[in-house]
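Proteins get letters first, then strands, A, B, ... in listed order; numbering begins at 1 in each.
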Number of protein chains: 2
Amino acid sequence: MLFALSDPERLAIARQLVDGPLDMAECHLSNPDVPKSTKSHLMKVLRTSGVVRNEANGRARRLSLRREDLDARFPGLLDAVLSAEDGNAKV
Amino acid sequence: MLFALSDPERLAIARQLVDGPLDMAECHLSNPDVPKSTKSHLMKVLRTSGVVRNEANGRARRLSLRREDLDARFPGLLDAVLSAEDGNAKV
DNA sequence: TCCATCGTTCGAATTATTTCGAACCTTTTG
DNA sequence: CAAAAGGTTCGAAATAATTCGAACGATGGA
């Protein structure tokens, strides 16, 4: 999990999900030109590390933070990570 | 910082320093047979990411957690990481 | 002084991550 | 039904991180 969030792009994704689920297309990367396979891979890392959920939603994909699971397993960690340095710093 | 702590060995080192500074030789790795250059490199990652301090102490090296600095920059993060899952889980 | 101790740094080899295009799948729209 | 939209997966190439031995530096003791 720490590894998944140690990448700025992945951390930024997690931050976008803090206010509720988003369809993949609504999740923005810092560089809007990365190919979809790359974006998909970023999601996969977040997914396999247990940070996000990724369920089919029509032809889209609904992404959501796995808050409960994470808070249960690592209390305080997610909050600390997501709030760290107001989102603009290397974490 | 998250990256530095996302490695189990480095996290274990950080945990050993939570109760106070230690000389490098007193810091134990899960595998006691790793060469010193490898151990030194692990420390370097922790050092350059700002997690630990490493000052000369005679011919030894005194390692210490940079608690204040880290708590100031990432409030709650260190505590959450260090206490997560009682130290035995992948974080 | 000379030598052993405790670590660091360097470079090369290994291993792991990231990145991207192409092929593919499913759902929606025309 | 065909084609477009939205994503996933696979494989290969490029990057980055880890690992280790060897060479080095400083300190402390004989």
What nucleotide among D/dT8, D/dT9, C/dT9 has an atom nearest to a side-chain atom of A/K44?
D/dT9

Indicate yes or no: at least one non-hydrogen side-chain atom of B/P21 is less than 4.5 angstrom from one of B/E55.
no

Out of D/dT18, D/dT9, C/dC6, minimum distance to the side chain of B/H41 belongs to D/dT18

Can you check the B/E55 CD to D/dT27 P distance for me, whole Å?
15 Å

Of the candidate nucleotides C/dC6, C/dT19, D/dT8, which contains the atom at the shortest distance from the side chain of B/R59?
C/dC6

Rounded off to whole Å, could you give me the CD-to-P distance for the A/E26 and D/dG7 pair?
9 Å

Of all the choices, D/dC20, D/dG7, C/dC20, which nucleotide is nearest to the side chain of A/V34 once you look at every atom?
C/dC20

Do you know which of A/L22, A/L63, A/L29, A/L65 makes side-chain contact (heavy atoms from CB on, under 4.5 Å) with A/Q16?
A/L22

Can you check the A/L2 CG to C/dT17 C1' distance for me, whole Å?
17 Å

With a 4.0 Å cut-off on heavy atoms, is B/N54 in touch with a base, just the backbone sugar-phosphate, or nothing at all?
sugar-phosphate

How close or far is atom C1' of C/dT19 from atom NZ of A/K39, stated in whole angstroms?
16 Å

In whole Å, what is the span from the CD atom of A/E9 to the P atom of D/dT15?
18 Å

Of the listed nucleotides D/dT9, D/dT19, C/dG7, the one nearest the side chain of B/K36
C/dG7

Can you tell me if B/S40 touches the phosphate of C/dT8, counting only side-chain N or O atoms and a distance under 4.0 Å to OP1 or OP2?
yes

Output the single nucleotide from C/dT9, D/dA17, C/dG7 whose closest atom is nearest the side chain of B/R61.
C/dG7

Start at the 5' end of DNA chain D and walk down; is the nucleotide closest to A/L63 or to B/P35 reached first?
A/L63

Looking at A/S37, is its backbone amide N or carbonyl O close enough to the side chain of A/S40 to form a donor-acceptor pair, meaning the two atoms are under 3.5 Å apart?
no

Measure the distance from CG on B/L22 to C1' on C/dG7 and round it to the nearest whole Å.
16 Å

Nearest-nucleotide check on DNA chain C, B/M43 vs A/R10; residue mapping nearer the 5' end is B/M43

From CG of A/L46 across to P of C/dT18 the rounded distance in Å is 10 Å

With a 4.5 Å heavy-atom cut-off, do B/K39 and B/M24 have their side chains touching?
yes

Among D/dT18, D/dG29, D/dG7, which is the nearest nucleotide to the side chain of B/F3?
D/dT18

Spacing of B/D7 atom CG relative to C/dT15 atom C1', expressed in whole Å
14 Å

Could you tell me whether A/R67 and A/D79 make a salt bridge, using a distance below 4.0 angstrom between a side-chain N and a carboxylate O?
yes

Base, sugar-phosphate or nothing for A/N57? Non-hydrogen atoms, less than 4.0 Å.
nothing

Does any part of the side chain of A/L42, heavy atoms only, come nearer than 4.5 Å to the side chain of A/L46, both counted from C-beta?
no

Choosing from D/dG28, C/dT19, D/dC20, which nucleotide comes nearest the side chain of B/S37?
D/dC20

